[in-house]
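In what follows, a structure is listed as structure tokens, so that the remarks can point back to it.
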Amino acid sequence: MDKSKRPFLKSKRTFRKRLPPIESGDRIDYRNMSLISRFISEQGKILSRRVNRLTLKQQRLITTAIKQARILSLLPFLNNEKQFERTESAPRTTGLRTSNN
């Protein structure tokens, strides 16, 4: 059989099985801040299922727990640390112009 007419063959790579990010003993709850904080980005956004490697049911429970923690002020809605650093370094102007005579 010629190489050009050979059917497409998938490469035989071995994939290692990744450990699940949530063990069976972990309880997904809004009070479990150590667990919840693993699924939030630096900006305070909820990470996607593909990034977290969670099942659909786990992702739903995580999102509801994060939203409950935000409502109860256990978590901030936004993480604005970088914005505060920028505004402090910039000089502030009052917007009033003074005429130089």
Side-chain angles (χ1 to χ4, degrees):
M1 190 182 237
D2 193 16
K3 279 189 176 182
S4 61
K5 295 184 180 185
R6 198 179 327 173
F8 179 75
L9 297 175
K10 290 184 179 180
S11 63
K12 295 181 181 179
R13 289 189 224 162
T14 58
F15 293 103
R16 66 182 172 94
K17 190 173 180 181
R18 292 185 177 177
L19 295 173
I22 298 177
E23 287 89 35
S24 59
D26 287 341
R27 184 177 172 117
I28 301 173
D29 197 14
Y30 68 93
R31 291 172 284 179
N32 194 352
M33 298 304 293
S34 61
L35 178 70
I36 288 177
S37 60
R38 285 192 280 169
F39 303 107
I40 298 177
S41 69
E42 291 178 0
Q43 299 170 347
K45 295 181 181 179
I46 302 172
L47 295 174
S48 68
R49 235 185 96 204
R50 188 170 38 97
V51 175
N52 289 337
R53 300 186 319 265
L54 295 174
T55 63
L56 184 61
K57 186 175 183 179
Q58 288 173 337
Q59 181 70 20
R60 276 199 219 113
L61 291 171
I62 285 289
T63 52
T64 53
I66 289 171
K67 289 177 182 181
Q68 284 177 345
R70 284 177 177 168
I71 289 169
L72 294 172
S73 300
L74 299 174
L75 277 176
F77 279 92
L78 293 174
N79 192 1
N80 292 332
E81 291 176 7
K82 292 181 182 178
Q83 282 185 347
F84 290 131
E85 290 174 7
R86 264 188 290 162
T87 54
E88 289 173 3
S89 63
R92 298 197 71 136
T93 58
T94 58
L96 299 174
R97 295 187 180 192
T98 57
S99 60
N100 294 337
N101 289 335

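FYI, the numbering just counts along the sequence from 1.
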Checklist entry - Hey, what do you get for CG (Asp26) to OG (Ser34), rounding to the nearest 0.5 Å? => result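 Result: 7.5 Å between the selected atoms.
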Item to check | Contact check, side chains of Leu56 and Arg60, non-hydrogen atoms, under 4.5 Å | outcome: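 Yes; the side chains approach each other to less than 4.5 Å.
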Checklist entry - Would you say Gln68 and Ile71 make side-chain contact, with heavy atoms under 4.5 Å? => result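 Heavy-atom side-chain distance check fails, nothing below 4.5 Å.
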Item to check | For Leu78, all residues meeting side-chain contact (heavy atoms from CB on, under 4.5 Å), sequence neighbours excluded | outcome: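 By the side-chain contact (heavy atoms from CB on, under 4.5 Å) rule, Leu78 matches Asn80.
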Checklist entry - Who passes side-chain contact (heavy atoms from CB on, under 4.5 Å) against Ser41, sequence neighbours left out? => result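 Counting only residues at least two positions away or on another chain, Ser41 forms a side-chain contact (heavy atoms from CB on, under 4.5 Å) with Gln43, Lys45, Leu47.
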Item to check | Co-members of Ile66 in a cluster of I, L, V, M, F, W and Y side chains, linked at under 4.5 Å | outcome: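 Result for Ile66 is Ile22, Ile28, Tyr30, Met33, Leu35, Ile36, Phe39, Ile40, Ile46, Leu54, Leu61, Ile62, Leu72, Leu74, Leu75.
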